[in-house]
Undergrad: 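Below is a structure I'd like to ask you about.
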Amino acid sequence: MKKAVEEIDQVVGKNRLVQESDIQNLPYLRSIVKESFRLHPTAPLILRLSTRDSTVGGYDIPANTVVFVNVWSLGRDPAHWERPLEFRPERFAGTDMDVRGQDFGLLPFGGGRRMCPGISLGLHNVHTTLGAMIQCFEWKAGKNGDLATVDMEEGVGVTLPRANPLVCVPVARLEPIPLPV
Ligand code: HEM
């Protein structure tokens, strides 16, 4: 968190709110978003219907079979990720690994012809909202404010819910920023 706050303070400062054009200059924020999507993809499973008989990874798949791609499991595959269960945004530093469907270990928006058409809007919203939350507030959560103890257990659903509500306390760290009108 400290590293993200420092990056935003350095790039954006404290007199205006983080905005879309800043995102390209905030590599650590982008890495946090990728790492969050890797461990907690919004859609843990994506579905396809095979159009013809085929063989994938040694498995014969007949035509008209519903195939589930386990995005959640791809993001935690130890054959692909070093120490996969650790939240370590630094793993993306200096890589061009992206979430746009070309890196098959990281598919939070799916891939191919039916991948999410709202990806640009989605990424814009996530980066600017998270950026503003980090810029404007200090966040207290977990036992005695220790973020490492936050309960990250996952529930069951088509989209991935938390098992238990996240309780956190925002503490303002900036004077109110006047918004442009
Ligand atoms: C962080 C935000 C978002 C995430 C993580 C997300 C994720 C996904 C995923 C995983 C799929 C399935 C892709 C596949 O089967 O390969 C999907 C499909 C889709 N998404 Fe998103 N999405 C997001 C935001 C949006 C937004 C903002 C819109 C519209 C404005 C949108 C519209 C759609 C539509 C219409 C489909 C169905 C595409 C099809 O079946 O051809 N999504 N999304």
Side-chain angles (χ1 to χ4, degrees), residues 1 4 7-8 12 17-57 59 61-77 79-81 84-93 95-137 139 141 150 152-166 168 170:
M1 185 62 113
E7 183 184 70
I8 291 177
V12 183
L17 201 58
V18 61
Q19 57 192 32
E20 185 177 11
S21 56
D22 294 313
I23 295 167
Q24 58 179 327
N25 300 317
L26 296 168
Y28 194 67
L29 178 70
R30 295 201 307 272
S31 294
I32 291 175
V33 170
K34 285 180 199 170
E35 185 69 336
S36 306
F37 277 142
R38 180 184 73 81
L39 276 170
H40 310 287
T42 316
L45 295 173
I46 54 180
L47 278 72
R48 292 292 182 269
L49 185 70
S50 62
T51 51
R52 55 184 162 80
D53 294 351
S54 47
T55 305
V56 178
Y59 292 91
I61 300 173
N64 293 317
T65 304
V66 176
V67 179
F68 290 82
V69 179
N70 193 334
V71 172
W72 184 91
S73 157
L74 288 171
R76 294 167 180 240
D77 184 354
H80 193 81
W81 302 98
L85 299 186
E86 288 178 20
F87 185 86
R88 230 166 16 93
E90 291 77 9
R91 69 175 77 242
F92 293 103
T95 75
D96 55 5
M97 192 174 284
D98 206 354
V99 292
R100 292 182 177 271
Q102 299 303 307
D103 294 295
F104 297 151
L106 188 63
L107 293 172
F109 293 91
R113 280 190 293 183
R114 298 302 296 266
M115 81 173 288
C116 177
I119 181 168
S120 295
L121 179 60
L123 283 174
H124 163 80
N125 283 340
V126 172
H127 284 117
T128 47
T129 305
L130 180 64
M133 288 169 73
I134 294 172
Q135 183 188 25
C136 298
F137 301 98
W139 291 92
V150 170
M152 292 302 292
E153 195 185 330
E154 292 170 338
V156 178
V158 178
T159 53
L160 200 56
R162 303 179 69 87
N164 301 301
L166 173 66
C168 48

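Counting convention: from 1, in listed order, for ligands and their atoms alike. None of the values given here were measured: they were computed from a predicted structure.
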Undergrad: Among the protein atoms near atom 21 (Fe) of ligand 1, how many are N, O or S and lie under 2.8 Å away?
TA: 1
Undergrad: Against Asp103, only a single residue in Asp98, Leu74, Asp96 fulfils side chain to side chain contact (heavy atoms under 4.5 Å, CB included); can you say which?
TA: Asp98
Undergrad: State the atoms of ligand 1, each with its element, that fall below the 4.0 Å cut-off from a heavy-atom position in Gly111.
TA: 16 (O)
Undergrad: Can you sort out the partners of Glu7 under salt bridge (charged side-chain N to carboxylate O under 4.0 Å, His left out), two or more places apart, ordered by chain and number?
TA: none
Undergrad: Identify the heavy atoms of Glu35 and Arg88 that sit nearest to each other, and give their distance.
TA: OE2-N, 2.5 Å
Undergrad: Of the choices Arg114, His127, His124, Arg113, which has the non-hydrogen atom that lies closest to atom 14 (C) of ligand 1?
TA: Arg114
Undergrad: Check whether Ser50 reaches the backbone of Thr65 with its side chain - one donor and one acceptor, N or O, closer than 3.5 Å.
TA: yes
Undergrad: Can you name the atoms of ligand 1, numbered from 1 with element, that are less than 4.0 Å from a heavy atom of Arg48?
TA: 14 (C), 15 (O), 16 (O)
Undergrad: If only atom types and distance count, is the side chain of Lys34 paired as donor or acceptor with the main-chain N or O of Leu106 below 3.5 Å?
TA: no
Undergrad: Could you check if a side-chain atom of Arg30 sits within less than 4.5 angstrom of a side-chain atom of Phe92, using non-hydrogen atoms only?
TA: no
Undergrad: Would you say Arg76's side chain and Leu39's backbone share a donor-acceptor pair under 3.5 angstrom?
TA: yes
Undergrad: Considering only protein heavy atoms, which is closest to atom 30 (C) of ligand 1, and at what distance to one decimal place?
TA: Leu121 CD2, 3.8 Å
Undergrad: Give the residue and atom name of whichever protein heavy atom lies nearest to atom 7 (C) of ligand 1, and the separation in Å to one decimal.
TA: Pro108 O, 3.5 Å
Undergrad: Between Arg38 (side chain only) and Gly75 (backbone N and O only), is there a donor and an acceptor less than 3.5 Å apart?
TA: yes
Undergrad: So which of Met152, Glu154, Glu153 actually passes side chain to side chain contact (heavy atoms under 4.5 Å, CB included) with Arg162?
TA: Met152
Undergrad: Check ligand 1 against Thr42 and write out every atom of the ligand that is under 4.0 Å from a heavy-atom position of the residue.
TA: 5 (C)
Undergrad: Closest non-hydrogen protein atom to atom 12 (C) of ligand 1, residue and atom name please, with distance?
TA: Ile46 CG2, 4.0 Å
